[in-house]
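Inspection log for the structure reproduced underneath, given as structure tokens.
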Number of protein chains: 2
Amino acid sequence: MSGNVSTPGASVVSRVLAVLYAFDNGHRRLGVTDLARRADLPVPTVHRLLRELVAGEALTRDAEGRYAIGRRLWDVGMLAPEQTELQQVASPFLSDIHAATRATVHLAVRDGREVLYLDRLSGRASVPVVSRAGSRLPLHATGVGKVLLAHAPAELRDDYLAAELRRPTVHTIIHPERLRRQLAAVRREGYATTEDEMTLGACSIAVPILRRASADGVPEVAAALGIVVPTLKRERTRLLAALQVAARGIGRSLP
Amino acid sequence: MSGNVSTPGASVVSRVLAVLYAFDNGHRRLGVTDLARRADLPVPTVHRLLRELVAGEALTRDAEGRYAIGRRLWDVGMLAPEQTELQQVASPFLSDIHAATRATVHLAVRDGREVLYLDRLSGRASVPVVSRAGSRLPLHATGVGKVLLAHAPAELRDDYLAAELRRPTVHTIIHPERLRRQLAAVRREGYATTEDEMTLGACSIAVPILRRASADGVPEVAAALGIVVPTLKRERTRLLAALQVAARGIGRSLP
DNA sequence: AGCTCGCCTTTCACTCAGTGAAAGGACACT
DNA sequence: AGTGTCCTTTCACTGAGTGAAAGGCGAGCT
């Protein structure tokens, strides 16, 4: 007995996706064996798929023989309507905030239990920031994350608070009740802040972007807008005002 | 005789890519039949592939049953190292230019015979601009395009000039010899300009970003940096200075 | 109603594209 | 020479993928 002993539920399409999804932010360039391990597929199978993907310009192969996501796939990704429409509408407003504050500006949405960053304008390099467009961070440790969590469906919020919370720094709030009270305050006050909770030396302030209600009913939180600064001590009021003006502007421009 | 009569050279991988590549900027949401037509595949085949791609979260399906690029693929695309590394390094410099000029700022590379826009910061809405990150435009009709064409391999340049040139506006320069002289000037002066050549009412000015030579030899043009403004009449010198400072900064920061 | 057109979906017999264990190379380090 | 790691190729087997044909569904027209 030899030949094909393929595991059930393994179509070529799912294998291709497994290979593509094997790349992540810390692993942008991978060899055949690594990819096979990460995608949980036999090496020769991955090898063949990679050859075809490179031929189709979906992946590139560098001088050391390692594979990476290629230009064509980058292109294709830029066509994702849900991410890019919001990003495009928000772009000039992000620039305005950036010009007014010189801080790092973030546009983010909630994707399940994570913040997904859609766009970022870097500020002065003095503030350490880990995010980039496409990266994901925990909801409870960032300004935009707290805004999105505060306005998430109550069920998901309870669920999230019930689980063990990650703790990127010693200042990260992981006590469920304390976090719950903070989220209530975020809803009440209309903005969220963090101090050293994701990265030491970085504070943030963030507001929701409201999409006007479709027919009747309440407006929906479509995204969050935030900035990262070295300290919130002095400028809190001015920064908040800039964010709120922009958030209102973006909300009004949404389809 | 019935059953499979599949055309040669049609692997599942190539079919999947054909489906993905069937999306473009003007066609972000497509139905099964349209996709089949655009990918040149039988409808049932496309239907099956789409189901698997949606199951794998690569595509989404909206209320009207139309398909679009999904969040996961957007994510994956953001991992393309060649596009995002440059974009990330350039980002703060783009912000600087934007702050200094309030104009639309572009970062672009050459992809074959087209300009590929990696990033854009929108300026005041008064200037019409068609580009966005991920879009492609003809090399000879934009500022960044002329810079990239001027520094492209001589062979490609000759080839490009020999072909029929598209003419987005009546001001687009399509006369080969006139364009050739302009490109020589771009190399000599270190910058390119356009006036109403891509879009009426939009002028642009652009400079090359030089990657310092790997060991010896001459530096290589890695990308182009440009801005779009309503008119170049007055500010040309100031705008050019801002661009050159930024381009030098980006070049120095490149790996 | 009845008819037509366009689009989406399902079926199903056929078969070839895809499979992966095994073997063969190419390095690097010991 | 010996061992480990990674990349690549081979090849007999077979079930995953195929696509013509048929079945639905809804919109528009007479």
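Just so you know, these numbers come straight off a predicted model, no measurement behind them. Note on naming: letters A, B, ... go to the chains in the order of the sequence lines (proteins, then strands), and numbering restarts at 1 for each one.
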Base, sugar-phosphate, or nothing for [X], non-hydrogen atoms under 4.0 angstrom?
X: A/R51; result: sugar-phosphate
X: A/R61; result: sugar-phosphate
X: B/P42; result: sugar-phosphate

Is [X] near enough to [N] that one of its side-chain N or O atoms lies under 4.0 angstrom from OP1 or OP2?
X: B/T45; N: D/dG19; result: yes
X: A/R15; N: C/dG18; result: no
X: A/R48; N: C/dG18; result: no
X: B/S11; N: C/dA17; result: no
X: B/H47; N: C/dC8; result: no

Practice item. Please report, rounded to the nearest Å, how far the C1' atom of C/dG18 is from the CG atom of A/L49. Key: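 Roughly 9 Å, once rounded to whole Å.
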So [Y] and [X], do their side chains get closer than 4.5 Å, heavy atoms only?
X: A/H151; Y: A/R110; answer: no
X: A/R71; Y: A/E57; answer: no
X: A/T199; Y: A/P168; answer: no

Review point. Nearest to the side chain of B/V32, which nucleotide is it out of C/dA22, C/dT9, C/dG18?
Key: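 Between C/dA22, C/dT9, C/dG18, the one nearest the side chain of B/V32 would be C/dT9.
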